[in-house]
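Below is one structure, written out as structure tokens; comments come after it.
Convention: sequence-line order gives letters A, B, ...; per-chain numbering from 1.
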Amino acid sequence: MKKKLTKMITKAIQCCLDTHSLPFLEIPPILLELPKNSAHGDFSTNIAMVLASQIEKSPYEIASLIVSNMADNEHVIQKVEIAGPGFINFFIDPRVWYQTLHIIHELRRAYGSSNLGQGKRVQVEFVSANPTGPLHIGHGRGGAVGDCLANILKAVGYHVQKEYYINDVGNQIDTLGQSVFLRYKQLLGEDIDFPSTYYQGDYIRDIAKEIVSKYNRKYLNMKEEDAIPIFTSYGVKHILNSIKVDLEDFGVRFDNWYSEKELFKSDAVHSTVRGLKDKEYIYEKDGAVWFRSTRFGDEKDRVVVRSTGDTTYFASDLAYHKGKFERGFETIIDVWGADHHGYVPRIQAGIQALGYRKDALKVILIQMVNLLREGKPVSMSTRAGEFVTLRQILDEVGRDAARFIFLTRRADTPLDFDLEVAKKKTMDNPVYYVQYAHARICSVIKMASERNIAVPKPPEICTHVLNLPEELQLIKQMAIYPYIVEGSAYHFEPHRIPYYLTQLASSFHGYYNKYRILSHDSDLTQARLYLVAALKIVLENGLDLLGVSAPERM
RNA sequence: GCGCCCGUAGCUCAGAGGGAUAGAGCGUCGGACUUCGAAUCCGCAGGUCGCAGGUUCGAAUCCUGCCGGGCGUGCCA
């Protein structure tokens, strides 16, 4: 519909140019918006005002010219008005809106999908928590956003891969191995002074216990430098496994798990540094090796090889991102915690130095989650090993509520997550509001079928009896769903989907309370069933993008 | 100090490539179930969009400066 109107307007302007009723000018992109106020029509354009700034004619005059030159061959427009400072408002013929019901029923699961992405390859990397401890609530938010974003991009026609980057080498991992080893010795009766810089959580002890029960005192007699690597890899494997289980239960499944260790094995880290050296982006100072990121706008140069000879995390990241492009992704998306935002300029400098476009990388920053219970903050201290894990959230509030709440607010604003509110089944918690709309529709359809009324097929339907303002409103809302998905993809903003779904559910609940779907009027009953069945499809598709279930009963 | 993000109703937040009269939910108060699910609906109240300038036909939205909050600013990850 939008495309049709755009085309008609463009033609009308072209027509004005041809007849010289408008002076020569370049036709700017025509923006059609959906007015908030229904008195302003179904679509509205400001094109006359935009043109007025280029030529000496009043917006009203230009608008009149455009309108009088418009050819509505398909009779889709019911009425056109010029209003306000020069808006052209279009009122669409209801028959056109009824078409969208047919489209929804025909496309079903595919309704809302498009080919915006044209099959371009995109990678979304998210969560990527270090395998040194269980996932916490912040990872949950990142997981929900990354997963949903990937779903949305897929829906608009990108070829998407979801990846988890495993930082399985480096200081933190070494510390993990040492922590487990010390707990192991402690369990076997040695008197141990456990350093405060080591991982304090109970899960470390659990891993040590497991090793004791499997291997008993075997590693006690071994030299420490031989034993610790064994504890390290055992710990990593164990923790990574529980991370996978948690994510699975959270409904997040990755296409690929990428190991930093493999990056070293293939010599990618060092060869990336060498490659940069050839381009003179690398120099030595104070015994360390530096990357000249200031060349690309970073505030200072960054170390890639420490004076100890160890490469930095940043060096790995350069190699990792280079590899992403080499694997054929045109766009790569990194979902990071906002506390890493200072890292963005240097990694962007990096990919430019490696010869890729700065905007080929999009970093989505996820703000922190404030965990509350009944309005009061829940204390969390990573160092003391006291934190609320994603597992606990899943057990307490459930996957659907957790995901929906994570996705309802913009990623870049801090989020208050109240455990008690998340369990409530009221409008504090819009998950159930949306799911309830879906369940209600299922219930109505079921009731209808018990009365031997099936959801009708398109040719049997008299959609024109759907002439209530609420019904047209619902149809129009469903009609914009594909635009919502596209906009959400274009701006990398998943939160638009839950917002839309809540509005859609609200329109439905209002309609449902005011009118009856099943009545003695057979035509009307059929038409309304057809309407709500379409609504059910849209709700399902939307919830599916969020990774939230659409229950038939609740 | 410098950099990034955020300041919208009492609270939590939307506001869709500048658009017309800035919207929801919660909370207050008052109403609606013998009829398709009351996890719902309807109504009332609530605002100088942090402040001050600028850009223009038009700004919550873009630019500059200030104020307030968060985060970052390692040869840590």
Review point. Base, sugar-phosphate, or nothing: which does A:M447 touch, judged by heavy atoms less than 4.0 Å apart?
Key: sugar-phosphate
Practice item. Establish, with yes or no, whether the OP1 or OP2 oxygen of B:rA24 is under 4.0 angstrom from a side-chain nitrogen or oxygen of A:R409. Key: no
Check your understanding: For residues A:E260 and A:N167, is any side-chain donor paired with an opposing acceptor at under 3.5 Å?
Key -> yes
Review point. Hey, does A:R553 reach any base, or is it just sugar-phosphate, or nothing, if we go heavy atoms under 4.0 Å?
Key: base
Study note, to complete from the structure: Ranking B:rC75, B:rU40, B:rC36 by distance to the side chain of A:V303, first place goes to B:rC75
Practice item. Please measure how far the P atom in B:rC71 lies from the corresponding atom in B:rC49, and state the result in whole Å. Key: 28 Å
Exercise for review: Report which part of the nucleic acid A:D310 touches: base, sugar-phosphate, or nothing (heavy-atom distance under 4.0 Å, all strands).
Suggested key: nothing
Check your understanding: Touch check for A:N37, heavy atoms < 4.0 angstrom, all strands: base, sugar-phosphate only, or nothing?
Key -> base
Review point. Rounded to whole angstrom units, what separation is found between the CZ atom of A:F291 and the P atom of B:rG74?
Key: 17 Å
Check your understanding: Which value, in whole Å, describes the distance between the P atoms of nucleotides B:rA77 and B:rU73?
Key -> 12 Å
**Study point:** Separation between the P atoms of B:rC33 and B:rA24, rounded to whole Å
**Key:** 25 Å
Check your understanding: Looking at the rings of A:Y164 and A:F126, which for Trp means the six-membered one, are their centres under 6.0 Å apart?
Key -> no
Review point. So what does A:S44 hit on the nucleic acid, given a heavy-atom distance under 4.0 Å: a base, only sugar-phosphate, or nothing?
Key: base
Review point. Which is true for A:D416 with a 4.0 Å heavy-atom rule: it touches a base, it touches only sugar-phosphate, or it touches nothing?
Key: sugar-phosphate
Review point. Do other residues, nucleotides or ligands put more than 12 heavy atoms under 6.0 Å from the NZ atom of A:K423?
Key: yes
Review point. With a 4.0 Å cut-off on heavy atoms, is A:H509 in touch with a base, just the backbone sugar-phosphate, or nothing at all?
Key: sugar-phosphate
Practice item. Check for a donor-acceptor pair, side chain of A:R403 on one end and backbone N or O of A:L546 on the other, with a separation under 3.5 Å. Key: yes
Review point. With a non-hydrogen cut-off below 4.0 angstrom, is A:A439 in contact with a base, only sugar-phosphate, or nothing?
Key: base
Review point. Below 4.0 angstrom, N of the basic side chain to O of the carboxylate: do A:E125 and A:K324 qualify?
Key: yes
Study note, to complete from the structure: Of the candidates B:rA39, B:rC36, B:rA77, the side chain of A:M554 sits closest to B:rA39
Exercise for review: Could you check how far CD of A:Q503 sits from C1' of B:rA16, rounded to whole Å?
Suggested key: 10 Å
Review point. What's the closest nucleotide to the A:E299 side chain, out of B:rC36, B:rU73, B:rA14?
Key: B:rU73
**Study point:** Pairwise 5' ranking along RNA chain B for A:H495 and A:N89, keeping only the more 5' one
**Key:** A:H495
Review point. Going by atom types only, do A:N541 and A:Y481 share a side-chain donor-acceptor pair under 3.5 Å?
Key: no
Revision key, fill the gap. With the side chain defined as heavy atoms from C-beta on, A:F87 is closest, among B:rG19, B:rC41, B:rU12, to B:rG19
Point to revise | Result of checking A:E470, A:Q473, A:E471 against A:Y511 for side chain to side chain donor-acceptor pair (under 3.5 Å) | key: A:E471
Practice item. Just label B:rC33 as syn or anti from its O4'-C1'-N9-C4 or O4'-C1'-N1-C2 angle, using within 90° of 0 for syn. Key: syn
Exercise for review: Report which part of the nucleic acid A:H491 touches: base, sugar-phosphate, or nothing (heavy-atom distance under 4.0 Å, all strands).
Suggested key: sugar-phosphate
Review point. Closer than 4.0 Å, any side-chain N/O of A:K36 to the OP1 or OP2 of B:rG23?
Key: no
Revision key, fill the gap. When rounded to whole Å, the OH to P distance for the pair A:Y199 and B:rA77 reads 11 Å
Review point. Which nucleotide in the set B:rG19, B:rC36, B:rU40 lies at the smallest distance from any side-chain heavy atom of A:I517?
Key: B:rC36
Check your understanding: Closest to the A:H341 side chain: B:rG3, B:rC6, B:rA20?
Key -> B:rG3
Review point. Of all the nucleotides listed (B:rC71, B:rA38, B:rA16), which has the minimum atom distance to the side chain of A:Y512?
Key: B:rA38
Practice item. Would you sort out whether A:K476 and A:D42 count as a salt bridge (Lys or Arg N to Asp or Glu O under 4.0 Å), showing the intermediate values? Key: CA-CA 8 Å; A:K476 288 174 192 176; A:D42 298 314; 2.7 Å; yes
**Study point:** A:Y499 OH to B:rU8 P, straight-line distance once rounded to whole Å
**Key:** 16 Å
Practice item. Between B:rC75, B:rG72, B:rG17, spot the one nearest the side chain of A:R496, thanks. Key: B:rG17
Review point. Are A:D334 and A:K362 side-chain neighbours, meaning at least one heavy-atom pair lies under 4.5 Å?
Key: no
Practice item. Rounded to whole angstrom, note down the C1' distance from B:rA9 over to B:rG25. Key: 12 Å
Exercise for review: Select base, sugar-phosphate, or nothing to describe what A:Y515 touches, counting heavy atoms under 4.0 Å on all strands.
Suggested key: base
Exercise for review: Could you check whether A:E552 gets within reach of a base, just the sugar-phosphate, or nothing at all, counting any heavy atom under 4.0 Å?
Suggested key: base
Check your understanding: If each of A:K300 and A:M427 is mapped to the nucleotide of RNA chain B with the nearest heavy atom, which maps nearer the 5' terminus, i.e. the 5' end?
Key -> A:M427
**Study point:** Rounded distance in Å between the C1' positions of B:rA22 and B:rG46
**Key:** 14 Å
Check your understanding: Quantified in whole Å, what is the C1' atom distance between nucleotide B:rG65 and nucleotide B:rU55?
Key -> 15 Å
Review point. Taking CZ from A:R302 and C1' from B:rG74, how many angstroms apart are they, rounded to a whole number?
Key: 9 Å
**Study point:** A:T312 (side chain) donor-acceptor with A:V303 (main chain) under 3.5 angstrom
**Key:** yes
Review point. How far, in whole Å, is B:rA20 from B:rA60 if one measures between their C1' atoms?
Key: 15 Å
Exercise for review: Flag this pair as yes if the NZ/CZ of A:K2 is under 6.0 angstrom from the six-membered ring centre of A:Y483 and inside a 45 degree cone about the axis; otherwise no.
Suggested key: yes
Review point. What's the closest nucleotide to the A:V444 side chain, out of B:rC36, B:rA20, B:rA77?
Key: B:rC36
**Study point:** Integer angstrom distance from the C1' of B:rG53 to that of B:rC11
**Key:** 32 Å
Exercise for review: Can you tell me the distance, in whole Å, between the CG atom of A:D301 and the C1' atom of B:rG74?
Suggested key: 15 Å
Check your understanding: Any side-chain N or O of A:R410 under 4.0 Å from OP1/OP2 of B:rC6?
Key -> yes
**Study point:** Dot-bracket line, read 5' to 3' along RNA chain B, where crossing pairs take [ ] and | marks a partner on another strand, Watson-Crick or G-U under 3.5 Å
**Key:** (((((((..((((.....[...))))..((((.......))))......(((((..]....))))))))))))....
**Study point:** Listed nucleotide nearest any side-chain atom of A:S307, set B:rC57, B:rC6, B:rC75
**Key:** B:rC75
Check your understanding: For A:K514, which contact category applies under a 4.0 Å heavy-atom criterion: base, sugar-phosphate, or nothing?
Key -> nothing
Exercise for review: Look at all strands and tell whether A:R516 reaches a base, only sugar-phosphate, or nothing, counting heavy atoms closer than 4.0 Å.
Suggested key: base
Point to revise | N/O (side chain, A:T408) to phosphate O (OP1/OP2, B:rA24) under 4.0 Å | key: no
Review point. A:S507 and A:Q477: side-chain donor and acceptor closer than 3.5 Å?
Key: yes
Revision key, fill the gap. To the nearest angstrom, the CD-C1' distance between A:E493 and B:rG17 comes to 11 Å
Exercise for review: Looking at every strand, decide which applies to A:A288 at a 4.0 Å heavy-atom threshold: base, sugar-phosphate, or nothing.
Suggested key: base
Review point. Is there a side-chain polar atom (N or O) of A:R346 under 4.0 Å from OP1 or OP2 of B:rU73?
Key: no
Review point. What is the distance, rounded to the nearest whole Å, between atom CD of A:Q477 and atom P of B:rA14?
Key: 19 Å
